[in-house]
**Q** 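Starting off with a structure, shown below.
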Amino acid sequence: MGSAAAFASTFVDRAYFLKEDSRVLKTPKVKIGRLYVQNSVASSPQSLQFAETKAQKSQNTVRIGVLGASGYTGSEIVRLLANHPYFGITLMTADRKAGQSIASVFPHLVTQNLPNMVAVKDADFSNVDAVFCCLPHGTTQEIIKGLPRHLKIVDLSADFRLRDISEYEEWYGQPHRAPELQVAPLFSVRDTAQASVFIRIFIQKEAVYGLTEILREEIQKARLVANPGCYPTSIQIPIVPLIKVVSAAPANLIKFTNIIIDAKSGVSGAGRGAKEANLYPEIAEGIHSYGITRHRHVPEIEQGLKDAANAEITVSFTPHLMPMSRGMQSTIYVEMASGVTIEDLYQQLRNSYADEEFVYVLEKGIAPHTRNVRGSNYCFMNVFQDRIPGRAIIISVIDNLVKGASGQALQNLNLMMGFPEKPNASLFSATNPVIHKQHFSYPNGKHWSKGRNVLCAVNMTANQSDDSRKINLDHVLDRARELWDSCPPPVKIFPWNQALENFVQLIIDLILAVVKYLCVPLFGVTSLSEMSYCAHERKMLFIPFPFIIGIALAGALHNTALEVSPFLKDVEVPWHLIAIAIFFTLLKLPGPYYPYWGRVLVPHLANGGLIRTLWIAFKRYRKGQKLSLVPKKQSAVNGSNHLE
Ligand SMILES: NC(=O)C1=CN([C@@H]2O[C@H](COP(=O)(O)OP(=O)(O)OC[C@H]3O[C@@H](n4cnc5c(N)ncnc54)[C@H](OP(=O)(O)O)[C@@H]3O)[C@@H](O)[C@H]2O)C=CC1
Ligand SMILES: CC(=O)N[C@@H](CCC(=O)OP(=O)(O)O)C(=O)O
């Protein structure tokens with residue numbers, strides 16, 4: 001949600017993980033197709049915080065429809081768009097929830113000023129430039145087929161991902177009803193002089209597969225983008241650079257056979273619809289595999305890998321359901337090509353994604369955690385040497401609802417509209433994920449979202465390390481910034497700096513008062529005790545000598561200080577006197593522990609010095625008082641003159 005933005009990204013500006021915005025902002029040429037004025041006026045705390053964003057929005061808004069806004073991916077689109085500088089939502093649809101407000105389904109979105117959701121059949125697309133289609137597969141193809149041609153579409157369902165219609169029928173158990181829109185074919189033409197070259201030919205089939213980092217150029221030109229599935233995203237991003245054909249030469253880093261993928265997903269991957277299998281007792285405190293050998297993401301993954309390698313690739317893929325609401329990890333076991341080392345794989349991944357904002361290859365040896373990408377659009381990955389020689393283990397993590405769905409969809413629509421993938425720092429901040437949301441209430445009954453989860457949520461560990469004892473200051477500061485950004489406005493406008501200054505002043509005044517009223521009696525009592533010792537030792541006559549030396553020494557120190565730094569005469573706090581007093585006090589303190597003659601002489605020398613210092617201070621004080629009275633008297637005189 002809005003508030004997050006500053007977090008993150010800034011604040012989450014940030015953190016160790018964010019790459020520089022400049023690299024992203026420069027991505028494509030900026031070409032604003034149509035610009036419209038958005039009527040809505042947000043009145044939330046977030047809108048105050050992001051006044052600049054909203055102001056920009058009101059001038060340049062592209063009108064967005066979110067089909068299926070009442071679902072998990074739809075509501076994530078709504079959350080992310082809260083911080084978009086150029087996109088404004090004009091239409092939201094739902095099925096069972098049609099007629100309701102988004103806040104009635106997702107209270108964390110209450111601060112967004114949005115239209116109520118309507119049924120798709122009642123939707124008016126004349127007021128829309130682009131849609132995110134967040135509907136179940138099967139339903140989607142019919143609906144997209146009927147949409148006006150002027151719309152740019154990013155479809156989050158699986159309906160337009162597979163190029164081969166018969167494959168769709170086989171894996172999705174139903175015939176495709178809009179084959180004319182299916183993913184455009186990719187023809188491989190063998191060049192006799194060089195190696196293989198790909199030419200993408202767009203005929204009547206028009207959907208473009210939306211794996212942003214891999215197919216950016218095609219996506220920019222597309223009208224309809226088939227957003228990848230969450231598992232295929234987390235799997236293709238790490239594998240493609242290791243197999244892809246670049247400049248007619250295959251990367252050849254891993255073998256195309258024997259690729260084993262063990263993947264795990266949070267339950268939100270299954271959507272918001274009520275299903276018995278997803279009830280809490282079925283999911284909690286255990287994990288289980290599903291879709292073993294038959295998961296419908298298999299053909300999608302193999303299609304993407306085949307396109308990259310220009311060769312058939314088959315994979316063993318087993319997904320698991322985890323007792324967590326969001327997040328996904330894919331652990332991929334591969335065989336390295338002959339002569340290839342783990343370092344080669346690591347460097348290839350690093351180099352391939354060096355300029356990518358949303359893909360991050362972690363430092364060597366650091367295991368990716370789903371909690372560190374929670375609510376964010378990041379894919380974190382790393383590669384490890386297996387114990388078995390020649391094998392490597394690749395681990396990638398994403399948030400299934402963001403990089404695995406809505407975040408990538410937003411990256412794609414930005415490209416399709418000619419905007420940078422990340423047009424401002426606050427977009428894609430890991431804010432306020434839909435699940436586990438928290439709310440604050442104002443006394444007047446108004447609610448507002450507590451705001452964000454953290455980009456690297458709960459990431460108190462140093463640079464992604466597993467060592468929970470190490471605390472990374474950057475992350476602590478980020479957390480503090482996020483906490484501050486999520487505070488309610490009354491907390492923010494409170495003059496904390498002034499309060500702190502007043503507090504410090506109070507403490508100083510207190511210390512001064514204690515020193516002022518206690519030092520003289522303390523000094524008197526200790527001097528008496530020192531004199532009584534001398535009396536007891538019958539050495540009273542020795543007291544004046546060290547005492548007078550102390551007086552002279554303090555005077556000499558005072559004069560020397562003034563000579564060295566004449567400005568000390570006029571300063572408000574006489575630091576040199578304080579230093580001299582501290583010096584004599586330290587001399588006096590160990591009195592009883594000095595050896596015999598030291599005990600007889602030193603405390604009295606210190607007393608002489610302290611007496612002289614106090615006297616100089618007193619004179620300064622009196623002089624200061626006199627000076628401060630002069631202008632008052634003068635002004636009184638002037639005042640009376642004036643009256644006369
Ligand atoms: N969840 C995830 O992690 C991912 C999901 N996807 C894909 O994105 C799409 C949306 O997923 P998700 O948001 O999780 O699903 P949800 O079940 O959470 O939401 C589905 C949405 O579609 C609406 N809807 C359902 N049936 C119809 C219908 N017949 N006509 C019109 N609208 C309908 C629902 O409305 P209402 O609530 O009113 O019934 C709801 O708004 C799916 O195709 C899914 O496979 C892709 C990647 C990841
Ligand atoms: C946990 C869970 O059930 N996950 C879903 C995948 C979500 C997704 O990406 O679905 P689409 O391919 O339809 O877009 C599944 O395994 O079917």
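Below, all heavy atoms of this structure are taken into account, side chains as well, without hydrogens, waters or symmetry copies.
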**Q** Answer yes when Glu206 and Lys221 have at least one side-chain N-carboxylate O distance shorter than 4.0 Å, and no when they do not.
**A**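 Salt bridge between Glu206 and Lys221, a charged N being under 4.0 Å from a carboxylate O: no.
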
**Q** Do you know which two heavy atoms are closest between Tyr72 and Arg272, and how far apart they sit?
**A**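 Tyr72 and Arg272 have their closest heavy atoms at CE2-CD, 3.5 Å.
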
**Q** Where is the tightest heavy-atom contact between Ala270 and Asn278, given as atom of each residue plus distance?
**A**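 For Ala270 and Asn278, the tightest heavy-atom pair comes out as CB-ND2, 3.1 Å.
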
**Q** Are the side chain of Thr233 and the backbone of Gly229 linked by a donor-acceptor contact shorter than 3.5 Å?
**A**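 Flag set: sc Thr233 to bb Gly229 pair under 3.5 Å.
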
**Q** So that I know where these two stand, are Phe380 and His369 an aromatic pair - ring centroids less than 6.0 Å apart?
**A**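 No.
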
**Q** Between Asn116 and Gln100, do the side chains contain a donor N or O and an acceptor N or O under 3.5 Å apart?
**A**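 Side-chain D/A pair, Gln100 to Asn116: absent.
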
**Q** What residue among Arg161, Gln141, Arg163, His137 forms side-chain hydrogen bond (donor to acceptor under 3.5 Å, both in side chains) with Tyr168?
**A**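 Of all the options given, the one that passes is Gln141.
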
**Q** Can the ring centroids of Phe317 and Tyr231 be said to lie less than 6.0 angstrom from one another?
**A**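 Phe317 vs Tyr231: aromatic centres under 6.0 Å.
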
**Q** Of all heavy-atom pairs between Arg374 and Ser325, which one has the smallest distance, and what is that distance?
**A**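 Nearest heavy atoms, Arg374 then Ser325: NH1-OG, 3.7 Å.
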
**Q** How far does CG of Leu415 sit from CD of Gln220, to the nearest 0.5 angstrom?
**A**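 Reported to 0.5 Å precision, the distance equals 5.0 Å.
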
**Q** Would Gln236 and Tyr209 count as having a side-chain donor-acceptor pair, cut-off 3.5 Å?
**A**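 Yes, Tyr209 and Gln236 have a side-chain donor paired with an acceptor closer than 3.5 Å.
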
**Q** Mind running side chain to side chain donor-acceptor pair (under 3.5 Å) on His84 and Asn414 for me, showing each step along the way?
**A** CA-CA 10 Å; His84 200 295; Asn414 282 335; 2.6 Å; yes

**Q** Check for me whether the distance between the ring centres of Phe87 and Phe419 falls short of 6.0 Å.
**A**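 Here the rings of Phe419 and Phe87 have centres that are less than 6.0 Å from each other.
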
**Q** Run the ring-ring contact (aromatic ring centres under 6.0 Å, His included) check on Tyr290 and His295 step by step: do they pass?
**A** CA-CA 8 Å; Tyr290 66 101; His295 194 278; 5.6 Å; yes

**Q** Quick check for you: to the nearest 0.5 Å, what is the distance between Lys121 atom NZ and Ile143 atom CD1?
**A**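 That separation rounds to 11.5 Å.
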
**Q** Is there a donor-acceptor pair closer than 3.5 Å between any side-chain N or O of Ser396 and the backbone N or O of Ser234?
**A**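 Confirmed, Ser396 side chain pairs with Ser234 backbone.
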
**Q** Working to the nearest 0.5 Å, report the span between OG1 of Thr331 and CD1 of Ile235.
**A**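 Atom-to-atom, Thr331:OG1 and Ile235:CD1 are 10.0 Å apart.
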
**Q** How far does CD1 of Ile259 sit from CD1 of Ile301, to the nearest 0.5 angstrom?
**A**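 Here the rounded value is 10.5 Å.
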
**Q** Just how far is it from atom CD of Gln408 to atom CD1 of Ile237, taken to the nearest 0.5 Å?
**A**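 Going from the CD atom of Gln408 to the CD1 atom of Ile237 covers 6.0 Å.
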
**Q** Ignoring hydrogens and angles, state whether a donor on the side chain of Asn412 or Thr212 is under 3.5 Å from an acceptor on the partner side chain.
**A**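 Their side chains do contain a donor-acceptor pair, which is all the 3.5 Å distance test asks for.
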
**Q** My understanding is that only one of Val78, Asn83, Ile77 makes a side-chain contact (heavy atoms from CB on, under 4.5 Å) with Leu81; could you say which?
**A**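 In the set Val78, Asn83, Ile77, the residue that makes a side-chain contact (heavy atoms from CB on, under 4.5 Å) with Leu81 is Ile77.
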
**Q** Do Arg223 side-chain atoms and Ile153 backbone N/O form a donor-acceptor pair below 3.5 Å?
**A**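 No; zero donor-acceptor contacts below 3.5 Å.
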
**Q** So, for Val208 and Ala222, which heavy atoms are closest and what is the spacing to 0.1 Å?
**A**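 So the minimum-distance heavy-atom pair works out to CG2-CB, 3.7 Å.
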
**Q** Please evaluate residues Asp95 and Lys97 with respect to the criterion salt bridge (Lys or Arg N to Asp or Glu O under 4.0 Å), reporting the C-alpha separation (whole Å), side-chain torsions for both, the decisive distance (0.1 Å), and the verdict.
**A** CA-CA 5 Å; Asp95 187 31; Lys97 307 278 167 42; over 6 Å; no

**Q** Tell me if a side-chain donor or acceptor on Lys145 pairs with a main-chain N or O of Arg177 at a distance below 3.5 Å.
**A**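 Yes, Lys145 side chain to Arg177 backbone: donor-acceptor pair under 3.5 Å.
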
**Q** Using distance alone, with no hydrogens and no angle criterion, decide if Lys403 and Gln411 have a side-chain donor and acceptor under 3.5 Å apart.
**A**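 Looking only at side-chain atoms, Gln411 and Lys403 do form a donor-acceptor pair, the distance falling under 3.5 Å.
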
**Q** Tell me if the CD atom of Glu217 is crowded by more than 12 foreign heavy atoms within 6.0 Å.
**A**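 It does not: Glu217 CD has 12 such atoms or fewer within range.
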
**Q** For Ser289, which residues count as a side-chain contact (heavy atoms from CB on, under 4.5 Å) partner, sequence neighbours excluded?
**A**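 side-chain contact (heavy atoms from CB on, under 4.5 Å) list for Ser289, sorted by chain: Ile292, Thr318, His320.
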
**Q** Is there a donor-acceptor pair under 3.5 Å between the side chain of Asn400 and the backbone N or O of Met328?
**A**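 No: the side chain of Asn400 does not pair with the backbone of Met328.
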
**Q** Looking only at atom types and distance, does a side-chain atom of Gln348 sit under 3.5 Å from a main-chain N or O of Pro241, one as donor and one as acceptor?
**A**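 Here the side-chain-to-backbone pair exists.
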
**Q** Check Ser406 against Thr73 and note the closest heavy-atom contact, atom names and distance.
**A**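 Result for this residue pair: OG-O, 2.7 Å.
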
**Q** Looking only at side-chain N and O atoms, does Asp159 offer a donor or acceptor that is under 3.5 Å from a partner on His176?
**A**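 There is no such pair (donor and acceptor under 3.5 Å, judged by atom type) between the side chains of His176 and Asp159.
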
**Q** Checking Thr140 side chain against Pro136 main chain: does a donor-acceptor pair fall under 3.5 Å?
**A**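 Yes.
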
**Q** For the pair Arg96 (side chain) and Ser70 (backbone), establish whether a donor and an acceptor sit closer than 3.5 Å, ignoring hydrogens and angles.
**A**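 Judged by distance alone, no pair lies under 3.5 Å.
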
**Q** Does this structure show an ion pair linking Arg326 with Glu76, if we count only N-O contacts that are shorter than 4.0 Å?
**A**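 A salt bridge is present here (some side-chain N lies under 4.0 Å from a carboxylate O).
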
**Q** How close do Ile214 and Tyr353 get, heavy atom to heavy atom, and via which atoms?
**A**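 Scanning both residues, the minimum pair turns out to be CD1-OH, 3.7 Å.
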
**Q** Take Phe428 and Phe358, measure what ring-ring contact (aromatic ring centres under 6.0 Å, His included) needs, and give me the verdict at the end.
**A** CA-CA 10 Å; Phe428 293 118; Phe358 297 115; 4.8 Å; yes

**Q** May I ask you to decide if Gln347's main-chain N or O and Asn351's side chain share a donor-acceptor pair within less than 3.5 Å?
**A**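 Pair found, side chain donor or acceptor close to backbone of Gln347.
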
**Q** Sub-3.5 Å donor-acceptor pair from the side chain of Asn227 to the main-chain atoms of Ala405, do we have one?
**A**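 Yes; judged by distance alone, with no hydrogens or angles, the pair exists.
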
